[in-house]
Amino acid sequence: MSFTIQSKTDVFKFALPLVDYLNQHGYEEEAKDLGNLVDSCFPEDEQALEAHRKAFRLIQEKVVDLPPAYRKALEDALEIIS
């Protein structure tokens, strides 16, 4: 499985499969936090992107056994929103 992250829209779309992966692989706390973030309403895209950036960085630090496709997508997403 690979993810194409080329835009801010792709960043938002990637969050959902990432939540699923985390839930399925024993990272319930991280999945819950990211799921709450995905479900949150933000008045502006910039606030949502900043929240995703923080969550993605935490996941990148805490979840060391992410498959390469997810790790690459996280890196690409962080590059777009940084």
Side-chain angles (χ1 to χ4, degrees):
M1 173 180 270
S2 66
F3 304 96
T4 303
I5 311 291
Q6 297 178 334
S7 69
K8 292 176 182 178
T9 301
D10 294 337
V11 170
F12 293 132
K13 288 179 184 178
F14 171 62
L16 293 174
L18 182 56
V19 167
D20 289 341
Y21 175 86
L22 294 170
N23 269 322
Q24 293 172 8
H25 292 87
Y27 295 97
E28 290 86 12
E29 182 180 331
E30 290 83 358
K32 180 182 174 190
D33 291 343
L34 185 56
N36 288 339
L37 169 69
V38 170
D39 292 339
S40 296
C41 295
F42 292 94
E44 296 179 22
D45 277 351
E46 289 306 313
Q47 289 176 319
L49 287 171
E50 178 62 17
H52 277 72
R53 185 186 66 74
K54 288 179 182 178
F56 286 175
R57 284 200 193 276
L58 285 173
I59 290 167
Q60 193 176 39
E61 292 170 8
K62 288 184 172 184
V63 184
V64 296
D65 59 345
L66 275 176
Y70 284 88
R71 184 143 316 272
K72 172 85 169 93
L74 270 177
E75 291 169 2
D76 291 347
L78 287 167
E79 185 175 318
I80 287 173
I81 58 180
S82 291

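Closest non-hydrogen pair, A55 versus L34, comes out as CB-CD1, 3.9 Å. Smallest separation of non-hydrogen atoms from A69 and S2: CB-CA, 4.1 Å.
L16 and L58 are not part of a single hydrophobic cluster, where members link through side-chain heavy atoms under 4.5 Å apart.
In this structure S7 satisfies the side chain to side chain contact (heavy atoms under 4.5 Å, CB included) test together with T9, D10, sequence neighbours excluded. Applying the ring pair (Phe, Tyr, Trp, His ring centres under 6.0 Å) criterion to F12, with sequence neighbours excluded, gives H52. Not counting sequence neighbours, the partners of F14 by the ring pair (Phe, Tyr, Trp, His ring centres under 6.0 Å) test are F3, F56. With sequence neighbours excluded, the residues satisfying side chain to side chain contact (heavy atoms under 4.5 Å, CB included) with N23 are V19, E28, A31.
At least one side-chain heavy atom of K32 sits less than 4.5 Å from a side-chain heavy atom of N36. For the pair D33 and I59, the minimum side-chain heavy-atom distance is 4.5 Å or more.
Summarising the geometry, atom CG belonging to L49 is positioned 12.5 Å from atom NZ belonging to K54; distances are rounded to the nearest 0.5 Å.
Screening residues 61-70 for side chain to side chain donor-acceptor pair (under 3.5 Å), with sequence neighbours left out, gives Y27-D65.
R53 and E46 are not joined by a salt bridge, as no carboxylate oxygen comes within less than 4.0 angstrom of a charged side-chain nitrogen.
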Side-chain donor-acceptor pairs of residues 74-82 under 3.5 Å, sequence neighbours excluded:
residue : atom : partner : partner atom : Å
D76     : OD1  : K72     : NZ           : 2.8
D76     : OD2  : K72     : NZ           : 3.1
S82     : OG   : R57     : NH2          : 3.2
S82     : OG   : L78     : O            : 2.5

